[in-house]
Amino acid sequence: AQSVTQPDIHITVSEGASLELRCNYSYGATPYLFWYVQSPGQGLQLLLKYFSGDTLVQGIKGFEAEFKRSQSSFNLRKPSVHWSDAAEYFCAVGPGGNKLVFGAGTILRVKS
Amino acid sequence: NAGVMQNPRHLVRRRGQEARLRCSPMKGHSHVYWYRQLPEEGLKFMVYLQKENIIDESGMPKERFSAEFPKEGPSILRIQQVVRGDSAAYFCASSDTQGNYGYTFGSGTRLTVV
């Protein structure tokens with residue numbers, strides 16, 4: 001069965017510091033991988049996606065993620081965090097997107 | 001260029017009443033997906049629909065829940081005889097193909113059952 005694990009429920013970083021949010025997945029075939037961001041009371045916005053090709057993918061808002069098949073990971077990174085990045089981040093895996101399996105989310109707090 | 005529109009944003013129902021949640025997909029999108037988010041959990045897939053067809057309802061509870069996406073009008077998620085455990089945020093998403101390039105989500109309907 002497909003599953004997604006986001007080991008960190010909460011992460012706090014200082015503004016300007018680098019960020020890495022972890023995501024591990026379990027999936028039997030080549031996965032389609034996504035990162036979404038959710039601000040309080042809002043819907044989810046797609047940050048980036050991977051399904052083939054270059055394992056380092058660039059997304060919106062300066063985010064990037066690296067697919068590592070050997071580690072079953074798809075960690076999200078940003079070199080310098082801004083206060084407006086405070087939100088909840090969800091990693092998701094799917095067989096082409098029709099039925100995504102989401103992780104439980106990581107809440108990012110940014111301190112000034 | 002409106003995105004995915006969900007209404008109402010907030011819905012309060014007493015136990016035993018019916019809840020109707022509406023979703024209008026983005027213009028040009030013919031694939032609609034419903035997800036439920038319980039407090040402090042990730043989103044859980046409920047159902048995938050195309051116009052007039054239910055493609056995958058494997059995530060729908062067997063009783064009280066139904067979904068439709070008629071030829072004209074929005075997609076509707078219907079919950080009959082609501083119970084407190086139905087309290088959650090319900091998100092609709094749409095895509096123009098089979099969602100391979102990611103969905104566009106609406107802002108959700110937050111259902112509270114009192």
Side-chain angles (χ1 to χ4, degrees), chain A residues 1-10 21-26 29-53 57-60 63 65 74 76 87-107, chain B residues 2-10 21 23-26 29-50 53-60 67 88-112:
Chain A
Q2 305 153 32
S3 66
V4 176
T5 301
Q6 294 181 246
D8 304 304
I9 298 173
H10 298 98
L21 302 182
R22 295 183 291 166
C23 172
N24 293 96
Y25 66 90
S26 173
T30 301
Y32 286 62
L33 293 159
F34 305 84
W35 274 100
Y36 284 87
V37 61
Q38 183 181 31
S39 298
Q42 300 299 314
L44 281 73
Q45 181 182 22
L46 179 65
L47 284 176
L48 48 76
K49 55 188 178 284
Y50 169 82
F51 24 89
S52 66
V57 294
Q58 303 296 321
I60 62 171
F63 285 91
F74 189 57
L76 182 71
E88 189 161 16
Y89 292 79
F90 292 94
C91 181
V93 65
N98 284 346
K99 184 165 61 180
L100 295 183
V101 175
F102 282 83
T106 297
I107 295 173
Chain B
V4 177
M5 304 302 293
Q6 289 189 250
N7 62 82
R9 289 292 304 272
H10 300 274
L21 288 61
C23 169
S24 296
M26 278 188 69
H29 285 189
S30 59
H31 302 250
V32 166
Y33 316 81
W34 285 93
Y35 283 77
R36 177 165 62 175
Q37 184 179 32
L38 294 169
E40 300 189 3
E41 293 187 18
L43 279 73
K44 298 285 194 282
F45 171 81
M46 299 183 74
V47 62
Y48 162 40
L49 310 104
Q50 293 181 35
N53 288 302
I54 297 175
I55 308 302
D56 184 343
E57 58 181 347
S58 57
M60 288 279 271
Y90 292 82
F91 289 95
C92 170
S94 72
S95 65
D96 57 352
T97 58
Q98 289 185 345
N100 288 348
Y101 300 101
Y103 309 143
T104 300
F105 276 91
S107 297
T109 293
R110 280 145 185 88
L111 172 66
T112 302

What part of A:Gln45 gets within 4.5 angstrom of chain B, counting heavy atoms only: side chain, backbone, both, or neither? neither

Where do [X] and [Y] come nearest, in terms of heavy atoms and distance?
X       : Y       : result
A:Gln42 : B:Arg9  : NE2-NH2, 4.3 Å
B:Ser58 : A:Lys99 : OG-NZ, 3.0 Å
A:Phe90 : B:Gln37 : CZ-NE2, 3.4 Å

Taking every non-hydrogen pair under 4.5 Å, which of B:Gly106, B:Ala93, B:Ser107 racks up the most with chain A? B:Ser107

Below 4.5 Å, heavy atoms only, C-beta onward: do B:Tyr33 and A:Leu100 meet side chain to side chain? no

Would you say A:Phe34 and B:Tyr103 make side-chain contact, with heavy atoms under 4.5 Å? no

Given that the side chain runs from C-beta out, which part of B:Gln6 has a heavy atom under 4.5 Å from chain A: side chain, backbone, both or neither? neither

To the nearest 0.5 Å, what is the distance between CD on A:Gln2 and CZ on B:Phe45? 11.0 Å

When rounded to the nearest 0.5 Å, the distance separating CZ of B:Phe91 from OH of A:Tyr36 is 12.5 Å

Within a reach of under 6.0 Å around CD1 of B:Ile54, are more than 12 heavy atoms found that belong to other residues, nucleotides or ligands? yes

Does a sphere of radius 6.0 Å around CE in B:Met60 hold more than 12 heavy atoms from other residues, nucleotides or ligands, not counting ones at 6.0 Å or beyond? yes

